[in-house]
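Report on the following structure.
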2 protein chains.
Amino acid sequence: MSNTMKKVTITDVARHAGVSIKSVSRVINDEPSVRPALKAKVDQAVAELGYRPNFAARALAAGRSFFLGVLFDNPSASYTLQVINGAYAACRAAGYQLVIENIDAAARDVSAQMEDILHSSRLDGMIVTPPACDSEAVLTALETKGLPYVLLAPGHEEPGASSVASNDAAGVFELVRHLWGLGHRRFGLINGPATHGASHWRREAFLNALAERGADPATVVMADGEFNFSSGIGAGLHILRQTPRPTAIFAQNDDMAAGVFAAAAQLGIKIPDDLSVVGFDDSWIAKSVWPELTTSRQPIWEMTEAAVQLLLNRRKGEKGGNQMFECTLVARGSTAPPRG
Amino acid sequence: MSNTMKKVTITDVARHAGVSIKSVSRVINDEPSVRPALKAKVDQAVAELGYRPNFAARALAAGRSFFLGVLFDNPSASYTLQVINGAYAACRAAGYQLVIENIDAAARDVSAQMEDILHSSRLDGMIVTPPACDSEAVLTALETKGLPYVLLAPGHEEPGASSVASNDAAGVFELVRHLWGLGHRRFGLINGPATHGASHWRREAFLNALAERGADPATVVMADGEFNFSSGIGAGLHILRQTPRPTAIFAQNDDMAAGVFAAAAQLGIKIPDDLSVVGFDDSWIAKSVWPELTTSRQPIWEMTEAAVQLLLNRRKGEKGGNQMFECTLVARGSTAPPRG
DNA sequence: ATATACCCCGACAGCGGTGTCAGGCTGAGA
DNA sequence: TCTCAGCCTGACACCGCTGTCGGGGTATAT
């Protein structure tokens with residue numbers, strides 16, 4: 001093991017193994033056509049010396065940085081952190097480093113921000129999270145810079161772009177099946193902001209699923225939110241003051257669903273006795289309310305790992321693809337049969 | 001501006017400005033003894049060519065990486081993200097990159113994990129967040145590697161180490177003053193885990209503040225939590241079932257305070273009418289409950305920025321220091337005079 | 001005008017790897 | 001046994017920037 005502190009370089013390894021530095025380099029990089037015997041010698045020397053390649057030197061010589069970036073726009077705590085964790089794990093496993101980048105896609109100077117980010121940190125690739133992945137300016141910047149990127153849950157079909165998405169529609173269908181099965185017939189729906197693609201397709205999926213069961217979509221009480229807690233309160237209050245009051249509310253993400261809890265508390269409405277609530281994402285907040293929130297789990301971790309893989313594969317010349325992940329129903333305490 | 005795409009190197013700038021590359025380097029690095037006229041020429045050339053120094057080359061030549069790490073152990077969403085954001089901003093401002101590192105300080109192989117992290121990513125410094133900052137193994141690894149580090153809210157006095165802390169005691173005193181002023185006399189206290197230094201001193205501060213006002217600390221109903229939501233529920237239930245029931249509960253962080261909300265809801269206890277609740281940190285969850293949580297704001301952003309500065313200054317040979325930040329009371333809807 | 005410091009600036013050698021390319025070794029075919 | 005691919009391996013330049021150090025310029029004193 002590495003008793004040796006202080007920088008061991010490739011030259012040391014080469015000398016120790018009695019081969020050339022280039023050969024060591026080949027072994028390190030898993031290049032083809034390296035005879036097993038050579039590889040063994042080198043591997044042993046590496047182990048004995050505790051050698052670790054120097055990032056900077058590799059980056060400089062190879063012209064790549066071994067850095068992958070994740071671009072965030074809306075730092076919604078739970079979602080963001082899940083993405084970070086997933087990407088982090090995948091990166092480390094691949095010998096890459098993860099760097100976080102933030103922009104404000106709503107601002108006027110998006111292009112300048114992107115220019116700045118892309119220029120200053122020489123990334124090998126970038127994962128673009130919603131809603132940045134739907135920003136024209138962001139994609140253009142990426143494109144002109146020629147940086148490989150993969151879109152996470154993009155709201156639109158980008159011709160040649162790689163993407164990783166979740167089957168939200170199926171997830172929503174499950175949710176509806178669940179609620180319908182419990183006996184609910186009067187529904188409330190809280191949409192997300194129009195800038196997020198998810199807002200559209202989750203709404204469509206919800207209304208379609210209802211229609212499929214013979215319900216009249218026109219009876220659904222809708223309200224708009226911002227994918228955050230406080231907007232959920234407002235939307236929740238709006239919906240819960242309708243007559244007849246819905247017995248179940250679908251909030252398009254967990255944060256807004258939590259807001260509905262607050263709204264219900266204010267109005268003295270008990271969950272799940274008087275009202276069932278479902279969210280979407282199964283983010284951290286879903287288990288931070290009481291009763292815990294029934295929701296549809298989006299496999300964010302897996303999706304992010306896939307995104308990293310896509311990025312790495314593109315380096316090897318492979319074409320990017322479009323992967324789809326399934327959402328799964330997570331039934332918790334916030335849903336129950338309607339009373340009466 | 002930079003119409004020019006494709007790598008502009010320091011050589012290009014030097015040629016364009018009619019100076020040597022070393023002079024450009026000097027200007028870039030703000031080295032002393034550079035005549036204004038020279039600096040002006042270089043700056044102009046840099047601007048005209050849209051030059052950005054290459055990270056890898058700088059890192060390789062200078063023997064530093066321009067990377068700062070933040071070490072996390074307990075990915076408590078809100079806290080973690082606030083730290084990341086603060087550190088991110090400070091890093092970018094200083095021309096550094098931020099890399100996130102996770103470990104499991106409770107695991108047996110902490111040393112191996114640290115070894116791995118420290119070896120593979122050649123950081124220039126590291127910010128160590130709680131509770132990792134109190135892990136013997138972590139600090140030892142840092143020390144033997146000789147990597148500059150700064151402790152964020154450490155639970156103990158580490159002789160030569162730099163640290164940034166918040167004045168939790170004062171924050172807790174404020175909280176007590178607030179509750180006492182409202183008329184509360186029977187209190188509940190939810191502690192954090194023993195591995196966190198904060199658990200100890202927040203408890204002491206709370207009991208002292210009460211004693212100072214003539215209350216008998218022995219009447220305080222205590223329960224232990226884990227600094228997370230669900231443990232807050234359990235602790236809350238425990239406390240709220242006591243007779244006589246406390247009229248106010250201090251949970252040592254916001255997550256557990258939110259748990260108390262859930263516990264109260266289960267027992268049909270109304271906040272703030274029947275029970276006042278206060279937390280600590282003013283993290284994201286404080287505004288994700290209803291009524292919003294009265295808490296003590298810990299200036300995490302500022303603290304993190306300070307930590308980065310400390311790290312950067314140490315590079316310049318300055319000695320590290322120990323900075324202290326004040327906590328401020330944030331009165332929201334979860335506190336009110338006790339009923340009756 | 002000349003000497004004496006002092007202050008700037010430039011030439012050059014690496015930092016630690018990787019890409020290129022030529023040469024050596026291997027095994028198959030004659 | 002000799003020839004000729006074909007597969008491995010090694011020598012070397014170079015990626016873009018910074019540290020060192022010596023030379024030249026500038027200002028001040030004489």
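Every chain is numbered from 1, with letters handed out A, B, ... down the list of sequences. Since this is a predicted model, take the numbers as computed values, not measurements.
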Margin query: What is the distance, to the nearest angstrom, from the CG atom on A/Asp12 to the C1' atom on C/dC15?
Written below: 13 Å
Item checked: Separation of D/dC8 C1' from A/Asp30 CG (nearest whole Å) -> 16 Å
Next item on the list: Check the distance between D/dT20's P and B/Ile21's CD1 and give it to me in whole angstrom.
Entry: 16 Å
Notebook entry, point to check: To the side chain of B/Ser23, which of C/dT18, C/dC9, D/dT18 is closest?
Noted result: C/dC9
Next item on the list: Side-chain contact test, heavy atoms from C-beta onward, threshold under 4.5 Å: evaluate it for A/Val70 versus A/Glu101 and give yes or no.
Entry: no
Check: Between atom CZ in A/Phe55 and atom C1' in D/dC15, what is the gap in whole Å?
Finding: 18 Å
Checklist line | Nearest to side-chain heavy atoms of B/Tyr51, which nucleotide of D/dG10, C/dG10, D/dC17 | finding: D/dC17
Check: In whole angstrom, what separates B/Glu31's CD from C/dC7's C1'?
Finding: 14 Å
Check: Which of these nucleotides, D/dA11, D/dG16, D/dG19, is closest to any side-chain atom of B/Lys22?
Finding: D/dG19
Check: If you look at every strand shown and take non-hydrogen atoms under 4.0 Å, does A/Val24 touch a base, only sugar-phosphate, or nothing?
Finding: nothing
Item checked: Difference in axis direction between the ends of the helix from C/dA1-D/dT30 to C/dA30-D/dT1, five pairs, 10° -> 40°
Next item on the list: Hey, could you give me the OH/CD1 distance between A/Tyr51 and A/Ile28, rounded to the nearest 0.5 Å?
Entry: 5.0 Å
Notebook entry, point to check: In terms of side-chain heavy atoms of A/Ala62, which of D/dT18, D/dT9, C/dT18 is nearest?
Noted result: C/dT18
Check: Are side-chain heavy atoms of B/Ile127 and B/Leu68 found at a separation under 4.5 Å?
Finding: no
Margin query: Measuring to OP1 and OP2 of D/dC15, would you say a side-chain N or O of B/Asn54 lies under 4.0 angstrom away?
Written below: no
Note to self: From the set D/dT18, C/dG17, D/dG16, return the single nucleotide nearest to any side-chain atom of A/Pro53.
What the structure shows: C/dG17
Next item on the list: Go through the N and O atoms of the side chain of A/Arg26 and the base of D/dG10, and report whether any donor-acceptor pair is under 3.5 Å.
Entry: yes
Notebook entry, point to check: Does a nitrogen or oxygen in the side chain of A/Ser25 sit under 4.0 Å from OP1 or OP2 of C/dT18?
Noted result: yes
Next item on the list: Indicate yes or no: at least one non-hydrogen side-chain atom of B/Val99 is less than 4.5 angstrom from one of A/Val99.
Entry: no
Next item on the list: Consider the side chain of B/Ala57, meaning its heavy atoms from C-beta on, and name the nucleotide among D/dC17, D/dC15, D/dC12 that approaches it most closely.
Entry: D/dC17
Note to self: Starting the side chain at C-beta, find the nucleotide from D/dT9, D/dG16, C/dG17 nearest to A/Leu38.
What the structure shows: D/dT9
Item checked: Protein-nucleotide distance (A/Leu60, atom CG; D/dG16, atom P), rounded to Å -> 7 Å
Item checked: Criterion side-chain contact (heavy atoms from CB on, under 4.5 Å) on A/Val150 and A/Val308, from CA distance to verdict -> CA-CA 8 Å; A/Val150 19; A/Val308 171; over 6 Å; no
Checklist line | Nearest to side-chain heavy atoms of B/Arg58, which nucleotide of C/dC9, D/dT18, D/dG10 | finding: D/dT18
Next item on the list: Scan for side-chain hydrogen bond (donor to acceptor under 3.5 Å, both in side chains) pairs involving residues 131-141 of chain B, sequence neighbours excluded, and state none if there are none.
Entry: B/Asp134-B/His156
Margin query: Tell me if the side-chain of A/Arg52 makes a donor-acceptor pair with the base of C/dG16, cut-off 3.5 Å, by modelled atom types.
Written below: no
Check: Using 30° and 60° as the class limits, which term best fits the ring planes of B/Phe66 and B/Phe55: parallel, tilted or perpendicular?
Finding: perpendicular
Notebook entry, point to check: So which one's nearest nucleotide on DNA chain C is more toward 5', A/Arg35 or A/Ile28?
Noted result: A/Ile28
Next item on the list: Whole angstrom is fine here: how far is it from NZ in A/Lys39 over to P in D/dC8?
Entry: 14 Å
Notebook entry, point to check: So do the side chains of A/Thr129 and A/Asp73 get within less than 4.5 Å of each other, counting heavy atoms only?
Noted result: no
Note to self: Let me spell it out: for each of B/Pro32 and A/Phe66, pick the nucleotide of DNA chain C with the closest heavy atom. Which residue's pick is nearer the 5' end?
What the structure shows: B/Pro32
Notebook entry, point to check: Starting at CD1 of A/Ile10 and ending at C1' of C/dT18, how long is that distance when rounded to a whole Å?
Noted result: 8 Å
